[in-house]
Amino acid sequence: LETSLKDYFVILNDLPPFMQEKVTLFIKRKILSQVPFFHNMPERVLSALAAVTQQVLVPPNENIITAGEIGNEMYFIGQGVVEVIITNNKAEEITVATLQGGSWFGEIALLRHTQRTASVRTVTACSCFKLVKDDLLGIFKIFPNIEEQL
């Protein structure tokens, strides 16, 4: 998925704005459909989720989320590389995972009101898509039976 997404992002810059929007929605739906709890969602639900998902561009070496904060959104990596970092009892940072295009993180924030358990920091510049809890709740109002599937 990472390679095909890189190709889309290269092509995207050369397209007229209306086509950029259509391609971006396609990319969002593709990424969303890879997430296990969105995997079997009807196309109309994926399209609605894609429409409310916001693109976020993050430079290298910047936290996207920080451990201890209350989460309100999850992120999908379109392009780039991030590290998932925890702090041990000696206040040392430990990288527990490296994620790239097609991966996601922060999904617990959509389902529970709880603190983040890890920080996620960019290694490279990243193009991510953010799904905010309030937007997901709005989708539940439109498609009430979908909430049960999550």
Side-chain angles (χ1 to χ4, degrees), residues 1-60 62-86 96-150:
L1 187 58
E2 170 75 6
T3 303
S4 62
L5 286 175
K6 282 182 183 177
D7 294 340
Y8 283 120
F9 282 105
V10 169
I11 294 167
L12 191 63
N13 292 330
D14 293 332
L15 295 175
F18 78 95
M19 286 300 295
Q20 287 181 11
E21 184 177 333
K22 289 190 178 295
V23 171
T24 300
L25 283 171
F26 172 80
I27 292 169
K28 290 177 185 180
R29 280 194 312 270
K30 180 82 170 164
I31 292 171
L32 287 165
S33 71
Q34 302 299 314
V35 178
F37 54 87
F38 293 138
H39 185 69
N40 292 320
M41 295 287 170
E43 186 61 34
R44 67 185 191 280
V45 175
L46 285 175
S47 294
L49 288 166
V52 298
T53 303
Q54 308 157 26
Q55 186 170 16
V56 180
L57 304 174
V58 188
E62 186 170 310
N63 278 10
I64 299 174
I65 63 174
T66 302
E69 293 179 340
I70 299 294
N72 186 27
E73 64 277 318
M74 78 174 289
Y75 292 85
F76 310 88
I77 305 170
Q79 185 177 20
V81 179
V82 302
E83 294 177 323
V84 180
I85 301 165
I86 61 170
V96 294
T98 301
L99 307 174
Q100 59 186 0
S103 299
W104 63 90
F105 55 92
E107 63 276 12
I108 298 301
L110 293 182
L111 306 174
R112 298 187 196 139
H113 183 76
T114 187
Q115 290 183 326
R116 304 273 190 192
T117 58
S119 296
V120 176
R121 183 178 304 142
T122 56
V123 175
T124 65
C126 289
S127 174
C128 298
F129 301 103
K130 175 173 70 172
L131 178 59
V132 177
K133 186 175 191 169
D134 287 344
D135 292 333
L136 181 62
L137 294 175
I139 299 296
F140 289 163
K141 288 179 183 176
I142 298 168
F143 304 101
N145 59 330
I146 296 305
E147 186 173 8
E148 296 168 7
Q149 292 182 28
L150 294 179

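We're numbering straight along the sequence, starting at 1.
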> Working to the nearest 0.5 angstrom, can you tell me the gap between Thr53 OG1 and Ile27 CD1?
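So the OG1 of Thr53 and the CD1 of Ile27 are separated by 12.5 Å.
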> Is it true that a side-chain atom of His39 and a backbone atom of Gln34 form a donor plus acceptor pair closer than 3.5 Å?
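Here the side-chain-to-backbone pair does not exist.
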> Minimum heavy-atom separation for Arg116 and Thr66, please, with both atom names.
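Result for this residue pair: CB-O, 3.5 Å.
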> How long is the span from the CZ atom in Arg121 to the CD1 atom in Ile65, to the nearest 0.5 Å?
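Those atoms lie 12.0 Å apart.
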> Show, in sequence, the C-alpha distance, side-chain angles and deciding distance for Glu21 and Lys28, and conclude whether the salt bridge (Lys or Arg N to Asp or Glu O under 4.0 Å) test is met.
CA-CA 10 Å; Glu21 184 177 333; Lys28 290 177 185 180; over 6 Å; no
> Could you walk me through whether Trp104 and Leu131 satisfy the side chain to side chain contact (heavy atoms under 4.5 Å, CB included) test, starting with their C-alpha distance in whole Å, then the side-chain angles of each, then the deciding distance to 0.1 Å, before giving a yes or no?
CA-CA 11 Å; Trp104 63 90; Leu131 178 59; over 6 Å; no
> How long is the gap from CD1 on Ile142 to CZ on Phe140, to the nearest 0.5 Å?
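These two atoms lie 11.5 Å from each other.
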> Given side chains that start at C-beta, do those of Leu32 and Phe76 come closer than 4.5 Å, heavy atoms only?
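In contact.
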> Relative to each other, are the rings of Phe105 and Tyr75 parallel, tilted or perpendicular (30° and 60° limits)?
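Because their plane-to-plane angle is under 30°, the rings of Phe105 and Tyr75 count as parallel.
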> Under 4.5 Å between any side-chain heavy atoms of Gln100 and Ile77, yes or no?
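No. Closest side-chain heavy atoms not under 4.5 Å.
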> Quick one: do Phe143 and Met41 satisfy side chain to side chain contact (heavy atoms under 4.5 Å, CB included)? Show the steps, please.
CA-CA 11 Å; Phe143 304 101; Met41 295 287 170; over 6 Å; no
> Closest approach of Ile31 and Gly78, non-hydrogen atoms and distance?
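Heavy-atom minimum between the residues: CD1-CA, 3.8 Å.
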> Could you report the tightest heavy-atom contact between Ile86 and Ala118, atom names first, then the distance?
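That would be CG2-CB, 3.8 Å.
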> Side chains of Val45 and Leu49, heavy atoms from C-beta outward: is any pair under 4.5 Å?
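The answer is yes; the side chains approach within 4.5 Å.
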> Which value, rounded to the nearest 0.5 Å, describes the distance between Phe37 atom CZ and Met74 atom CE?
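Separation between the atoms: 4.5 Å.
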> Under the 3.5 angstrom rule, does the side chain of Glu73 hit a backbone N or O of Val132 as a donor-acceptor pair?
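Looks like no, no N/O pair under 3.5 Å.
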> Under a 3.5 Å distance rule, please check whether Thr122 uses its side chain to pair with a backbone N or O of Pro59 as donor and acceptor.
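Looks like yes, one N/O pair under 3.5 Å.
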> In Å, rounded to the nearest 0.5 Å, how long is the span from OG1 of Thr114 to CD1 of Ile108?
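These two atoms lie 8.5 Å from each other.
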> Within the side chain of Thr124, is there an N or O that forms a donor-acceptor pair under 3.5 Å with the backbone of Val81?
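Confirmed, Thr124 side chain pairs with Val81 backbone.
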> Could you tell me which non-hydrogen atom of Pro60 sits nearest to which non-hydrogen atom of Ala125, and how far apart they are?
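What the structure gives for the nearest pair is CG-N, 3.6 Å.
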> Which pair of heavy atoms, one from Ser47 and one from Arg29, lies closest together, and at what distance?
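That would be OG-CD, 3.3 Å.
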> Just verifying a value: how many Å separate Asn63 CG and Glu83 CD, rounded to the nearest 0.5 Å?
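It is 10.5 Å, given to the nearest 0.5 Å.
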